Protein chains: 2
Amino acid sequence: MELTGDLLRGHTDMILLGILSRQDSYGYEINKKIEVVSSGAFVLTEATLYTSFKRLEKKGLVSSYWKSSDTGKRRKYYSITPLGRTTLESLEISWVEAKQIIDAFI
Amino acid sequence: MELTGDLLRGHTDMILLGILSRQDSYGYEINKKIEVVSSGAFVLTEATLYTSFKRLEKKGLVSSYWKSSDTGKRRKYYSITPLGRTTLESLEISWVEAKQIIDAFI
DNA sequence: AAGAGATACCTTGACAGATTAGGTATGTTC
DNA sequence: GAACATACCTAATCTGTCAAGGTATCTCTT
């Protein structure tokens, strides 16, 4: 089963914030993590990922900084901001409610 | 709490099919039902509703017929087709999986 | 040393579903 | 007769996602 597109639309920001709420990370790593955790079911294209990062940063929900790996390859790390954390909390509340309501109809 | 926009995007079709899987209904009634069941939290604009109906009908998932109420007002009833029922089933399976995956990240 | 594949970043244009903001018409209630 | 509920619909716009590209470095194999 592959989940993509509009089924996950609108949840991307929440998922990224959720991952970043545990620890700072960078695009490529996050994409791999999503693939592993979802057993390949959750497909997030890079375009969607970077668009989401840009949106989150513009809203002040995450901040970013460049850092090099041991091998010298540059990585752009993202960090959740205090505003990002409170936003995540309210997104989670909405999500729980949305689940209940949708389940009530099907 | 108001749920709207992309949080529900992609689920509209499933919700409508879910409602129609119980009994035929028409636009205005469905909109009211959604409002009541969700205690006003789920906001589905009429434009979204009718766009969705059109899409569902085009895909052959629902069919429609005109019928008058006791007062004489015309209503456009929608009925789920066999294809609509099988589609609903697979949408539900995707939905269950999507819930689990999203919850794994937050 | 050359080539393949993984790591790591990014952008542009098109698409599709949702919203805004209208419109029409009839029935009911005060 | 004015307000409100019932009942339908559309056009233009917005927004998130995707397809399809691009650049560059590092590692492993031959």
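Just so you know, these numbers come straight off a predicted model, no measurement behind them. Below, read A as the first sequence line, B as the second, and so on, with proteins coming before strands; counting in each chain starts at 1.
The CZ atom of A:Arg9 sits 15 Å away from the P atom of C:dC15 (whole-angstrom rounding). When the P atom of D:dG16 is taken as reference, atom NE2 of A:His11 falls 13 Å away, rounded to whole Å. In this structure, the OH atom of A:Tyr65 is 12 Å from the P atom of C:dC9, given to the nearest Å. Look at CE on A:Met14: it is 15 Å from C1' on D:dG16, rounded to the nearest Å. A:Asp13 places its CG atom 9 Å from the C1' atom of D:dG16, with the value rounded to the nearest Å. One atom, NZ of A:Lys32, and another, P of C:dA6, lie 8 Å apart when rounded to the nearest Å. One atom, NZ of A:Lys33, and another, P of C:dT7, lie 15 Å apart when rounded to the nearest Å. The interatomic distance linking B:Leu44 (CG) with D:dC9 (P) rounds to 15 Å, in whole Å.
Take B:Glu35 and apply the side chain to side chain donor-acceptor pair (under 3.5 Å) test, not counting sequence neighbours, and it matches no residue. Remark: B:Lys33 engages no residue in a salt bridge (Lys or Arg N to Asp or Glu O under 4.0 Å) (not counting sequence neighbours). In this structure, the side-chain contact (heavy atoms from CB on, under 4.5 Å) partners of A:Leu91, at least two apart in sequence or on a different chain, are A:Met14, A:Leu17, A:Thr87. When the side-chain contact (heavy atoms from CB on, under 4.5 Å) test is applied to B:Thr51, the partners found at least two apart in sequence or on another chain are B:Arg55. When the side-chain contact (heavy atoms from CB on, under 4.5 Å) test is applied to A:Glu46, the partners found at least two apart in sequence or on another chain are A:Asn31, A:Tyr50.
The heavy-atom pair separating A:Ser52 from A:Leu16 by the smallest distance is OG-CD1, 3.2 Å. Closest non-hydrogen pair, A:Arg22 versus B:Ala104, comes out as NH2-O, 3.8 Å. Nearest heavy atoms, B:Ile101 versus A:Ala41: CD1-CB, 3.8 Å. The nearest pair of heavy atoms linking B:Ser25 to B:Leu20 is N-CD2, 3.6 Å.
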Tabulate below the donor-acceptor pairs under 3.5 Å that side-chain atoms of residues 78-85 of chain B make, not counting sequence neighbours, or state none.
unit_1: B:Ser79; atom_1: OG; unit_2: B:Asp24; atom_2: OD1; d: 3.2
unit_1: B:Thr81; atom_1: OG1; unit_2: B:Gly60; atom_2: O; d: 2.7
unit_1: B:Thr81; atom_1: OG1; unit_2: B:Leu61; atom_2: O; d: 3.1
unit_1: B:Thr81; atom_1: OG1; unit_2: B:Gly84; atom_2: N; d: 3.0
unit_1: B:Arg85; atom_1: NH1; unit_2: B:Ser21; atom_2: O; d: 3.2

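Nearest to the side chain of A:Lys76, among C:dC9, C:dT7, D:dC9, sits C:dC9.
The closest donor-acceptor contact from the side chain of A:Thr48 to the backbone of A:Leu44 lies at 3.5 Å or more, if one exists at all.
Within residues 47-64 of chain B, the residues approached by DNA chain D to less than 4.0 Å at the level of any non-hydrogen atom are B:Ala47, B:Tyr50, B:Lys54, in residue-number order. Within residues 20-29 of chain B, the residues having any heavy atom closer than 4.0 Å to DNA chain D are, in order of number, B:Tyr26, B:Gly27, B:Tyr28.
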Write down the protein N/O and nucleotide N/O pairs, taken from nucleotides 12-14 of chain D, whose separation is under 3.5 Å; answer none if there are no such pairs.
none

Atom pairs, protein N/O to nucleotides 22-29 of chain C N/O, distance under 3.5 Å:
unit_1: C:dT26; atom_1: O2; unit_2: B:Lys73; atom_2: NZ; d: 2.8

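Remark: B:Thr45 is in phosphate contact with C:dT19, judged by side-chain N or O atoms under 4.0 Å from OP1 or OP2. Taking side-chain N and O atoms only, B:Thr12 has a distance below 4.0 Å to OP1 or OP2 of C:dA18. For A:Arg75 and C:dA8, the shortest distance from a side-chain N or O to OP1 or OP2 is below 4.0 Å.
Residue A:Val36 shares its hydrophobic cluster (ILVMFWY side chains chained together at separations under 4.5 Å) with no other residue. Through direct or relayed side-chain contacts under 4.5 Å between Ile, Leu, Val, Met, Phe, Trp and Tyr, B:Tyr65 connects to B:Tyr26, B:Tyr28, B:Tyr77.
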Test side chain to side chain contact (heavy atoms under 4.5 Å, CB included) applied to B:Leu88 and B:Glu92, step by step: CA-CA 6 Å; B:Leu88 176 59; B:Glu92 284 172 356; 3.6 Å; yes
